2 protein chains.
Amino acid sequence: MAATLKDVARLAGFSVTTVSRALNGHSDVSEETRKKIMEAAQALNYVPNRVAQQLVMGKSSAIGLYSLDRETFQNQFITLMISGLMDEATAHDLNLMLFATQRLQTAEEVVMQCRQRGLGGAVISGLRIDEDLIGHLPQMDFPIVLVDVPVHGPRATYVSVDNVLGARKAVEHLVSLGHRNIGLINGHSGAWVSHQRRLGYEQGMRDSGLAIKESYIFEGDFSKESGRRGAQHLLTVNPELTALFVASDLMAVGALEQLQAMGRGVPEDISVVGFDDQDFALHVSPPLTTIRQDMYVFGRLAARELIGMINDPGYTPRHVDLPCTLVQRGSSGPVRSKEVLR
Amino acid sequence: MAATLKDVARLAGFSVTTVSRALNGHSDVSEETRKKIMEAAQALNYVPNRVAQQLVMGKSSAIGLYSLDRETFQNQFITLMISGLMDEATAHDLNLMLFATQRLQTAEEVVMQCRQRGLGGAVISGLRIDEDLIGHLPQMDFPIVLVDVPVHGPRATYVSVDNVLGARKAVEHLVSLGHRNIGLINGHSGAWVSHQRRLGYEQGMRDSGLAIKESYIFEGDFSKESGRRGAQHLLTVNPELTALFVASDLMAVGALEQLQAMGRGVPEDISVVGFDDQDFALHVSPPLTTIRQDMYVFGRLAARELIGMINDPGYTPRHVDLPCTLVQRGSSGPVRSKEVLR
DNA sequence: CCCCTCATCCGAAACGTTTCGGATTCATTC
DNA sequence: GAATGAATCCGAAACGTTTCGGATGAGGGG
């Protein structure tokens, strides 16, 4: 069906070799024949078969993304990241191939699956820090970029926002509004970001001269329901709380609903700050003050590091913590005056 | 790096041909040598190179998905569909390759891009009905499945939910709650689903013996802001309205906010029904009554039809309208008694 | 007139598979 | 004992590219 190099060669009256060299811009072909060959290729609607190219050149023509079956609540997270990955990959003439992180495979299996398909490298998202796959990845000599899980190696790196800074910003924001008694609803400990966000919370509290009480901290699991439980628990045990930093928007929405069900007004009685800036953060009432991470540039950066490793065997991948910003909306406000005066 | 057939052949002491046939389960190889060959393959950690396989067999090893840059508000829509596509593709030993529907290309370009990469077919989502690409697609002799745009051909079909039915269900639900004056905030006319949903709205009204007034219908563009404008406009012009059917959840949230800003209680003063059941529908207040489409099975069905065409040249693709269901939540309620009595 | 250089072209091998057609062996059948 | 047939195996071609190493011919310098 599709025209091949041989067809172009026949039509143009040259050898396959010359046609290939002409089309690839090599120097040892005269301008005149190059023109003829170009025309023939045009006429036949020729496009090189990437499969054949890949086989002979050994150069990969795509990168892989492992994602999309756990943490399904992070829909928007993934979508935007994919957009970033795709834009960056396309700019380097690479395609994007998707895989489900189903039952977690071993590092060897992942790498083999990629190699088999001619992929140059892969981005892996949605891993828990306790999966032993992670330890084996760096020494696989295959370009890998992890999402939100720290890893270091000559052919491996990771991308993440500066979660510590983000959490600190959240606390500082609340402190600047006069809050002193600030609780934390965290994600589960299987996620690396949970540790970071807790660290940031603690730093923020300490830097503001506030004590860190263990009873102010609740460990949820990123689900809306756990946010609800967290709010219920924290406010029952510590009625003096006037603000909550919640380590994900979804949990924050749960907390919001629970607080309102408990008759606590947000933000009059209690302020809430989330994390992520998922789209629904804007749609709940009150709209959620949150720490925004730009998943699009996140994706682009992941792809950039990956492609760096693929194209240059000597490339040493860097890790940069992406900035994240506070988006102030309706769920946070000044502490009630009586509280301040007290 | 990776072991090849030749390596296995050398280790096992047989020819490349025999090794290939042994590994592929052909009959003309004795059980004894098959076992030896298996062992050798195991020892070398051999996996067939799919690129080479693809080149020689001409069989595709992946399908394409065009999506993801327009209508970015449909995040969850796409994520779930991708999950469905991927599960179905994986079950048929196919991979999924992603493409951005950037500047809209011609049908020829799309097909060439796929052929060049050895894809067996493609799913295309996010097209407007007025793109002329659509008319050319059916005669391309390349398996294509469109999303939410009707198309028919020996190698082309489309998937969609039964939007007419969905809209009718929404109206019937509102009627069953006693509503008589029901407005419609529709999506833009570039989307096929908008026409269908309007059709369903009209059917539902007529079947309930209600008149269809042009002034009850507002054409938005699926954005939250347009939902807001729609609510503002419709209620200013028609103060007697007690219910709105809104053709997307995002617009419905806009409408919700606008209604509340106008001092109209939802659902006490006015009921709202959305469409899609995106995740945030559950998080807004009141939680949105909406028409749910199951995007996961949507994706699976799309893949199934596509793969049917790919694997069997004689396969005639079918179109089935997927069912959609009403999910009743807090944004719809019985019409106020004074209204009923009046 | 010969040798060298340069510009232009091409044959053939290679990438890692699958498969067609044939070759070999050995038992079976007439 | 030769022909038939089944059971095993293998060589070589093919898929569509790229590229190495050479081939050809023209022009220039000695």
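Worth saying up front: this structure is predicted, and the values here are computed from it rather than measured. Within every chain, numbering begins at 1; the chains are lettered A, B, ... in the order of the sequence lines, protein sequences first and strands thereafter.
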B:Met57 or B:Val19, whichever maps to the more 5' nucleotide of DNA chain D
B:Val19
A:Gln54 CD to C:dG16 P, straight-line distance once rounded to whole Å:
12 Å
Per atom distances to the B:Thr33 side chain, the nearest of D:dC9, D:dT17, C:dC10 is D:dC9
Identify whether any heavy atom of A:Ser30 sits under 4.0 Å from a base atom; if not, whether one sits that close to sugar-phosphate; answer base, sugar-phosphate or nothing.
sugar-phosphate
Atom-pair distance (CZ on A:Arg34; P on C:dC9), nearest Å:
10 Å
For a quick test of reading the model: is some side-chain N or O of A:Gln53 closer than 4.0 Å to OP1 or OP2 of D:dG16?
no
Report which part of the nucleic acid B:Val8 touches: base, sugar-phosphate, or nothing (heavy-atom distance under 4.0 Å, all strands).
nothing
Terminal axis angle for the helix from C:dC1-D:dG30 to C:dC30-D:dG1, five pairs an end, nearest 10 degrees:
70°
Students often get this wrong, so: under 4.0 angstrom with heavy atoms, is B:Asn49 touching a base, only sugar-phosphate, or nothing?
sugar-phosphate
Less than 3.5 Å apart, any donor N or O on the side chain of B:Gln113 or B:Tyr66 sitting next to an acceptor on the other?
yes
Just the rounded figure in Å: distance from P of C:dC10 to CD1 of A:Ile37.
8 Å
Nearest-Å distance, CG (B:Leu55) to C1' (C:dA14)?
12 Å
pair B:Ser60-B:Leu119: side-chain heavy atoms closer than 4.5 Å
no
Please report, rounded to the nearest Å, how far the P atom of D:dG11 is from the CZ atom of B:Arg21.
14 Å
Among D:dC10, C:dC10, D:dT17, the one nearest any side-chain atom of A:Phe14 is C:dC10
Is it the case that the side chains of A:Tyr158 and A:Glu305 hold a donor-acceptor pair, with the cut-off being a distance below 3.5 Å and no angle test?
no
Can you tell if the side chain of B:Ile124 reaches within under 4.5 Å of the side chain of B:Val147, non-hydrogen atoms only?
no
For B:Pro48 and for A:Ser15, find the nucleotide of DNA chain C with the closest heavy atom, then tell me which residue's nucleotide is more 5'.
A:Ser15
Within a strict 4.5 Å, meaning less than it, do heavy atoms of the A:Leu322 and A:Asp294 side chains meet?
no
Using a heavy-atom cut-off of 4.0 Å across all strands, would you classify A:Val16 as base, sugar-phosphate, or nothing?
base
B:Val56, nearest nucleotide to its side chain (from D:dT18, C:dT17, D:dT19)
C:dT17
Which is more 5' along DNA chain D, the nucleotide nearest A:Ser20 or the one nearest B:Thr18? Just name the residue.
B:Thr18
Quickly work out the A:Arg117 CZ to C:dC15 P distance and round it to whole Å.
23 Å
For B:Thr4, answer base if it contacts any base atom (sugar-phosphate contacts may also be present), sugar-phosphate if it contacts only those atoms, and nothing otherwise; contact means non-hydrogen atoms under 4.0 Å.
sugar-phosphate
Kindly write out the residues that satisfy side-chain contact (heavy atoms from CB on, under 4.5 Å) with B:Ala12, not counting sequence neighbours, or none if the list is empty.
B:Phe14, B:Ile37, B:Ala40
Using modelled atom types only, decide if a donor and an acceptor are shared between the side chain of A:Gln116 and the backbone of B:Val47 within a distance under 3.5 Å.
no
How long is the line joining CG of A:Asp28 and P of D:dT18, in whole Å?
14 Å
In this structure, how many angstroms lie between the P atom of C:dG16 and the NZ atom of B:Lys59, rounded?
21 Å
B:Asp321 versus B:Ser160, side-chain donor and acceptor atoms under 3.5 Å
yes
Determine whether a donor-acceptor pair (one donor, one acceptor, N or O, separation below 3.5 Å) exists between the side chain of B:Thr17 and the base of C:dT19.
yes
